[in-house]
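Shown next, in structure tokens, is the structure this report addresses.
Numbered from 1 within each chain, the chains take letters A, B, ... in sequence-line order.
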There are 4 protein chains.
Amino acid sequence: MQFQINPAGELPIYRQIMRQITEAIAGGRLKAGDKLASHRELSEQLVVAPLTVKKAYDELEALGYLETQRGRGTFVSERLPKPDRARQGEQIQEAARNLLSQAYLAGLEYSDVLKVLEKAGRDLTALKEREA
Amino acid sequence: MQFQINPAGELPIYRQIMRQITEAIAGGRLKAGDKLASHRELSEQLVVAPLTVKKAYDELEALGYLETQRGRGTFVSERLPKPDRARQGEQIQEAARNLLSQAYLAGLEYSDVLKVLEKAGRDLTALKEREA
Amino acid sequence: MQFQINPAGELPIYRQIMRQITEAIAGGRLKAGDKLASHRELSEQLVVAPLTVKKAYDELEALGYLETQRGRGTFVSERLPKPDRARQGEQIQEAARNLLSQAYLAGLEYSDVLKVLEKAGRDLTALKEREA
Amino acid sequence: MQFQINPAGELPIYRQIMRQITEAIAGGRLKAGDKLASHRELSEQLVVAPLTVKKAYDELEALGYLETQRGRGTFVSERLPKPDRARQGEQIQEAARNLLSQAYLAGLEYSDVLKVLEKAGRDLTALKEREA
DNA sequence: GTGGTCTAGACCACC
DNA sequence: GTGGTCTAGACCACG
């Protein structure tokens, strides 16, 4: 697993890490039961403080995506949450509105948005094959 | 124009205001030349500090979405920016990836995502007719 | 609100803080919407690092007991969670088993356990009147 | 004797083992003089490191619940401790407060708590008959 | 002044 | 080695 963070980005570092992990799960590059790099190891890769990575792991654990076992490591949860249809639905709606309004402001048509979406779908799963 | 803000949300209040204004422009509820409520007026509506609204207006002005005319008020810019294709493109890609991974994690199919997107498109423009 | 922590206790400090807050809510000494001391303030009272208090607040927020508003403070959640009957039920069962086995090992009868429980009930709500 | 451990639980594994043994003693499933499985045997059953089981046995021995006889094995102590009334009393009080506040937060009435407590009492002794 | 984030470093508990 | 906790101090974003 390879991650990229941008320390100057608009998202806090720990949220960038969270997002990349959830995207890796969504894209199939991380599967239930897989072991993640220790937060110390990953912190070296990313050149950030260990606590910063740990915070990302902790939040994802609270959300049900990860599980940790003392002394053994951190793993992708075996039973990924299908949480709170209502709340989840809201977030997805918001993500969709966000995508559309940005696209329209940039002058894109609906058909362009669909193209962007398809490209994103390919990106999400691309590394899977490449790494296999 | 009616706005909704959530003081406990993860986004800063001034960013929630910015987003709603840009979405209103994207959805056609605000058009080039339209006059916005003064930041004092809007701050009363939303029950937030006037400085918070002012900051949202200032940032949108810096981005080219709004124009202020001393003593007359704040208006939607006549020449909306088509800024920085590269940067814009990246943001849209990211928004698309974000939408897709959230949807996949919630167990939705690609066809579901399309439905969500269509609904979001209708939402974005719905108030236009209702308010007209 | 007055808290007591024991830095040498078997529970981590942040968990002692969490427990005292949830007990205060259960006992009615903290009500929905009440403002808590800022994490900095409380950290001075308890003579612990601010981050330690913040961690307690963060976890309670993730659990739905607290809500924070940037720049304004941290509040008892208006809609306290009635979460996950199953999981909650398990925890309560475990707390009950724990109480009983400790009591039996100490040689108490069932009737003694009931007395202890009644006393605990009075303790939980006692400060409410005293502080009022 | 059958034990259940949860490697992802919030309690360390050795404490989960300790608790289950003391609960078995409290519930009468283990009596003074009974022989326990060797720590190697038990470690295989539970799929944990032998050192982890040994630590649980050692701690219970230090507390006076178990006795080891070189070359013969580990046994439930003939004279179970009635230790430190004061400290024990405190712990029981705390367990009671913990039970009550969790129950109240889940919306249970006092009468519900009593039902839970009775059920826990039955659970604690149930396996006794089944295994006999 | 409030919360939000990050760092560097420490010590412990566990496996 | 792993995660778990804590500290002291820093800077920023927000209201």
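The line from CD1 of B:I13 to NZ of B:K55 is 12.0 Å long, rounded to the nearest 0.5 Å. Distance check: A:T74 OG1 to A:E67 CD gives 10.5 Å after rounding to the nearest 0.5 Å.
Counting only heavy atoms from C-beta outward, the side chains of D:Y14 and D:L51 never approach each other to under 4.5 Å. No side-chain heavy atom of C:N98 sits less than 4.5 Å from a side-chain heavy atom of D:L99. By the 4.5 Å heavy-atom criterion applied to side chains, D:E90 and D:Q93 are not counted as neighbours.
E:dC14 atom C1' lies 16 Å from atom CD of C:E10, rounded to whole Å. If you take NZ of C:K35 and C1' of E:dG3, they are 10 Å apart, rounded to a whole angstrom. The nearest whole Å value for the distance from the NZ atom in C:K54 to the P atom in E:dT5 is 6 Å. Here the C1' atom of nucleotide E:dG3 and the CG atom of C:L42 are 14 Å apart, to the nearest Å.
As judged by a 4.0 angstrom heavy-atom cut-off over every strand, C:Y14 is placed among residues touching the sugar-phosphate backbone only.
The closest donor-acceptor contact from the side chain of B:Q45 to the backbone of B:F3 lies at 3.5 Å or more, if one exists at all. Under the 3.5 Å distance criterion, the side-chain polar atoms of A:R70 are matched with a main-chain donor or acceptor of D:L11.
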Please list each protein N or O that sits under 3.5 Å from an N or O in nucleotides 10-12 of chain E, with the distance.
none

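Mapping A:K55 and C:E41 onto DNA chain E by nearest heavy atom places C:E41 at the nucleotide closer to the 5' end. Map D:I13 and A:L11 each onto its nearest nucleotide of DNA chain E; the residue landing nearer the 5' end is A:L11.
For DNA chain F, the neighbouring residues in residues 43-51 of chain C, judged by any heavy atom under 4.0 Å, are C:V48, C:A49, C:L51.
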- Task: Starting from the C-alpha separation in whole Å, work towards a yes-or-no answer on side chain to side chain contact (heavy atoms under 4.5 Å, CB included) for C:E10 and C:R15.
- Result: CA-CA 10 Å; C:E10 76 164 342; C:R15 281 206 175 269; over 6 Å; no
- Message: Please determine whether side chain to side chain contact (heavy atoms under 4.5 Å, CB included) holds for the pair A:E94 and A:R97, giving the CA-CA distance in whole Å, both sets of side-chain angles, and the decisive distance to 0.1 Å.
- Response: CA-CA 5 Å; A:E94 191 187 319; A:R97 278 213 326 271; 4.3 Å; yes
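Of all nucleotides listed (F:dG15, E:dC14, E:dT7), E:dC14 comes nearest to the side chain of D:P12.
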- Annotated structure of DNA chain E as dot-bracket, pair cut-off 3.5 Å, Watson-Crick or G-U only, | for inter-strand, is ||||||||||||||.
